[in-house]
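Note sheet for the following structure.
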Amino acid sequence: MTPFPLVLSAPSGVGKTTIARRLMAQRADVGYSVSCTTRAPRPTEADGVDYQFLADPEFIAKQERGEFAEWALVHGKRYGTLRSEVQRVLDAGRFVLMDIDVQGARQFIGSFPQSVLVFVLPPSVEALVDRLRSRNTESDAQLAERLRNAHTELQDVTRYHYVVVNDSLDQAVEKVSAIIDAEGLRRDRVHKLDEQVSALVDRLEEQIQQYNVG
Ligand code: ADP
Ligand code: 5GP
């Protein structure tokens, strides 16, 4: 199977990061592309693991050197995916799980057209607000900004190949995992399909000969 990037997008708080972590814990064939950001780390986050945390000038220097496969301003901060990060995971033969916003997804498919885009929806607005509040990582003003942005982000759902509602977490993880498996079986992704089929045809011709002779 030829690995490909799988982009997860959703309004903040729907549960992308949680789904991505679960999937990574369950599947050894899935790797994560660590993004760069200029936002401050949360108490539980580690540099180089959750994000590469950069100051604005460092981020802009990478932008100018064309190191990003995509980048965007999200909630007033810069976020970007390094081409080298995506390539590192693909070269290791693993699917690349990406947690990027809708603007980034639009650019990313231009850089990696084989990508699969999955939009994650909340079961309700009430659940989304509860999740954002319970995470306890944003001030009320930041929370309001994230909800305002959710309003426009939802309009982008039509650009995505798949939609998963994150109601039961276990089921949402299973669904994303099923998308990876099904997409990997698409004809255009099957590794050396021509060679596999011509080997079968050669063998068939031998068998047909034998039966004709007999
Ligand atoms: P995102 O990465 O989309 O901003 P997170 O993964 O940080 O969202 O999830 C936001 C909060 O919602 C976290 O506290 C997480 O534990 C919780 N959460 C995620 N998925 C579910 C779910 N299916 N049911 C209930 N809570 C969830
Ligand atoms: P958070 O600050 O909650 O970790 O992420 C905020 C938003 O930024 C989320 O919608 C997340 O998907 C998005 N994001 C994270 N990394 C990237 C990235 O590399 N590129 C883009 N465009 N968005 C990202």
Side-chain angles (χ1 to χ4, degrees), residues 5-25 32-54 59 62-63 67-86 88-89 96-112 115 117-139 142-143 145-157 159-160 164-176:
L6 184 120
V7 172
L8 285 180
S9 300
S12 181
V14 172
K16 301 175 294 291
T17 315
T18 311
I19 293 172
R21 287 206 181 120
R22 284 275 197 106
L23 212 55
M24 299 276 303
Y32 188 70
S33 159
V34 179
S35 292
C36 297
T37 184
T38 58
R39 85 149 161 76
R42 295 175 184 147
T44 55
E45 290 177 332
D47 191 27
V49 177
D50 299 285
Y51 282 103
Q52 199 178 326
F53 294 99
L54 301 175
F59 193 104
K62 286 188 186 295
Q63 247 171 263
E67 291 182 29
F68 291 116
E70 63 75 32
W71 76 272
L73 266 179
V74 189
H75 317 310
K77 300 288 176 189
R78 290 170 200 269
Y79 290 83
T81 304
L82 293 170
R83 287 178 204 282
S84 57
E85 261 298 287
V86 179
R88 174 184 67 78
V89 181
V96 195
L97 205 52
M98 326 257 319
D99 171 349
I100 65 179
D101 90 310
V102 294
Q103 312 165 69
R106 254 184 257 166
Q107 295 168 46
F108 189 78
I109 193 117
S111 304
F112 290 89
S115 304
L117 308 185
V118 180
F119 202 95
V120 188
L121 287 175
S124 66
V125 168
E126 288 71 20
L128 174 62
V129 174
D130 275 358
R131 286 178 196 176
L132 268 174
R133 295 193 77 90
S134 71
R135 193 170 68 184
N136 223 1
T137 48
E138 278 84 24
S139 65
Q142 286 170 328
L143 204 136
E145 186 182 21
R146 285 177 182 241
L147 292 179
R148 268 196 308 277
N149 289 344
H151 197 266
T152 40
E153 285 160 356
L154 282 173
Q155 314 301 318
D156 256 58
V157 70
R159 296 177 187 274
Y160 285 70
V164 170
V165 176
N166 182 18
D167 191 351
S168 143
L169 178 61
D170 285 346
Q171 283 179 15
V173 173
E174 258 175 48
K175 285 176 183 164
V176 177

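As a basis for the values below, the full set of heavy atoms in this structure was taken, side chains included, without hydrogen atoms, waters or symmetry mates. These numbers come from a predicted model, not from an experiment. Whatever order the structure lists ligands and atoms in, that order sets their numbers, starting from 1.
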Next item on the list: Go through the side-chain N and O atoms of Ser12 and Asn149 and say whether any donor and acceptor fall under 3.5 Å apart.
Entry: no
Which bit of [X] gets closer than 4.0 Å to ligand 2, counting heavy atoms only: side chain, backbone, both or neither?
{"X": "Val74", "result": "side chain"}
{"X": "Glu45", "result": "neither"}
{"X": "Met98", "result": "neither"}
{"X": "Arg78", "result": "neither"}
{"X": "Glu70", "result": "side chain"}
{"X": "Lys77", "result": "neither"}

To the nearest 0.1 Å, how far is [atom] from its closest protein heavy atom, and which atom is that?
{"atom": "atom 10 (C) of ligand 1", "result": "Gly13 O, 3.5 Å"}
{"atom": "atom 2 (O) of ligand 1", "result": "Thr17 OG1, 2.3 Å"}
{"atom": "atom 8 (O) of ligand 1", "result": "Gly15 N, 3.2 Å"}
{"atom": "atom 7 (O) of ligand 1", "result": "Arg135 NH1, 2.9 Å"}
{"atom": "atom 18 (N) of ligand 1", "result": "Arg131 CD, 3.9 Å"}
{"atom": "atom 19 (O) of ligand 2", "result": "Ser35 OG, 2.6 Å"}
{"atom": "atom 23 (N) of ligand 2", "result": "Asp101 N, 3.1 Å"}
{"atom": "atom 20 (N) of ligand 1", "result": "Asn166 ND2, 3.0 Å"}
{"atom": "atom 15 (C) of ligand 1", "result": "Thr18 OG1, 3.6 Å"}
{"atom": "atom 10 (O) of ligand 2", "result": "Lys16 NZ, 3.7 Å"}

Notebook entry, point to check: Should one rank Glu153, Gln103, Arg42 by closest heavy-atom distance to atom 3 (O) of ligand 2, which comes out on top?
Noted result: Arg42
Margin query: Quick test of your reading of the structure: of Tyr51, Tyr79, Phe108, whose heavy atom lies closest to atom 4 (O) of ligand 2?
Written below: Tyr51
Checklist line | Subset of ligand 1 atoms that lie under 4.0 Å from at least one heavy atom of Ser12 | finding: 4 (O)
Notebook entry, point to check: So which bit of Asp167 gets within less than 4.0 Å of ligand 1, heavy atoms only: side chain, backbone, both or neither?
Noted result: backbone
Checklist line | Residue among His75, Arg42, Arg133 satisfying side chain to side chain donor-acceptor pair (under 3.5 Å) with Glu138 | finding: Arg42
Considering both backbone and side-chain atoms of [X], is one of its nitrogen or oxygen atoms within less than 3.5 Å of a nitrogen or oxygen in ligand 2?
{"X": "Gly80", "result": "yes"}
{"X": "His75", "result": "no"}
{"X": "Asp99", "result": "yes"}

Note to self: Classify the ring geometry of Phe68 against Phe59: parallel below 30°, tilted from 30° to 60°, perpendicular beyond 60°.
What the structure shows: parallel
Margin query: Nearest 0.5 Å, please: how far is CG in Leu128 from CG in Leu147?
Written below: 6.0 Å
Notebook entry, point to check: Can you list the residues that meet the side chain to side chain donor-acceptor pair (under 3.5 Å) rule with Arg131, with sequence neighbours excluded?
Noted result: none
Check: Partners of Tyr51 by ring-ring contact (aromatic ring centres under 6.0 Å, His included), sequence neighbours excluded?
Finding: Phe53, Tyr79
Note to self: Between Glu85 and Arg88 (salt bridge meaning N to carboxylate O under 4.0 Å), is one present in this structure?
What the structure shows: yes
Next item on the list: May I ask you to decide whether Lys16 forms a salt bridge with Asp101, counting only side-chain N to carboxylate O separations under 4.0 Å?
Entry: no
